[in-house]
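Single-structure report; data block below.
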Amino acid sequence: MILQLLLLLLIAGVCGALGQAIGGYSHGGCLVSIALGFIGALLGSWLVGLLHLPELLALPVGGTRFPVIWSIIGAAIFVALINLISRRRV
């Protein structure tokens with residue numbers, strides 16, 4: 001149980017970090033990357049259902065499937081939206 005949770009956090013952290021790199025967001029650390037990975041998974045899964053797209057790569061962790069590719073895409077979209085909203089005006 002603990003090992004599966006740590007593995008899930010690791011996968012979400014890597015997906016969130018890749019989403020940050022694609023979206024151009026560099027603030028935060030490991031916890032921000034993990035949170036972005038989970039938010040990206042939710043957003044990506046929602047897009048998959050909405051657009052009827054196939055699930056490209058999902059890793060089974062503890063009886064659940066974590067959508068890796070859609071997590072990265074969802075995190076990049078979420079980061080890009082955050083950058084648009086919080087852009088500093090000069």
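Just so it is clear, the model here is predicted, and its values are computed rather than measured.
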Check for a donor-acceptor pair, side chain of Thr64 on one end and backbone N or O of Val61 on the other, with a separation under 3.5 Å.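 At least one qualifying donor-acceptor pair exists.
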Donor-acceptor pair, distance only, cut-off 3.5 Å: does the side chain of Trp70 make one with the backbone of Pro54?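 It does hold such a pair.
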Within a radius of less than 6.0 Å around CZ of Phe78, do more than 12 heavy atoms belonging to other residues, nucleotides or ligands occur?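 Counting other residues, nucleotides and ligands, CZ of Phe78 stays at 12 neighbours or fewer.
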With rounding to the nearest 0.5 angstrom, report the [atom1] to [atom2] distance, [X] to [Y].
X: Ser86; Y: Leu81; atom1: OG; atom2: CG; result: 10.5 Å
X: Leu5; Y: Leu10; atom1: CG; atom2: CG; result: 11.5 Å
X: Ser45; Y: Leu50; atom1: OG; atom2: CG; result: 12.0 Å
X: Ile69; Y: Leu53; atom1: CD1; atom2: CG; result: 13.0 Å
X: Gln20; Y: Asn83; atom1: CD; atom2: CG; result: 10.0 Å

Can you sort out the partners of Ala41 under side-chain contact (heavy atoms from CB on, under 4.5 Å), two or more places apart, ordered by chain and number?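 Checked Ala41 against side-chain contact (heavy atoms from CB on, under 4.5 Å); matches are Phe66, Pro67, Ser71.
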Determine whether Leu7 and Leu59 make a side-chain contact, defined as any pair of heavy atoms from C-beta on separated by less than 4.5 Å.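 A side-chain contact under 4.5 Å is absent here.
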Walk me through whether Val68 and Val14 qualify under side-chain contact (heavy atoms from CB on, under 4.5 Å). CA-CA 9 Å; Val68 175; Val14 170; over 6 Å; no
With sequence neighbours left out, what residues match Gln4 under side-chain hydrogen bond (donor to acceptor under 3.5 Å, both in side chains)?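 Listed in chain order: nothing, the list is empty.
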Keeping to residues at least two apart or across chains, list the salt bridge (Lys or Arg N to Asp or Glu O under 4.0 Å) pairs with something in residues 31-59.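 The answer is Glu55-Arg65.
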Evaluate the criterion side-chain contact (heavy atoms from CB on, under 4.5 Å) for residue pair Trp46 and Leu42; output intermediate values, then yes/no. CA-CA 6 Å; Trp46 177 73; Leu42 291 173; over 6 Å; no
Same cluster (ILVMFWY, side-chain, under 4.5 Å), Leu3 and Leu8: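 Unlinked, Leu3 and Leu8 end up in two clusters.
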What heavy-atom pair brings Ala75 and Leu36 nearest, and what distance separates the two atoms?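 Scanning both residues completely, I find the closest heavy atoms to be CB-O, 3.5 Å.
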Testing the basics here: between Ala12 and Ile34, what is the closest heavy-atom pair and its distance to 0.1 Å?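 Where Ala12 meets Ile34 most closely, the heavy atoms are CB-O, 3.9 Å.
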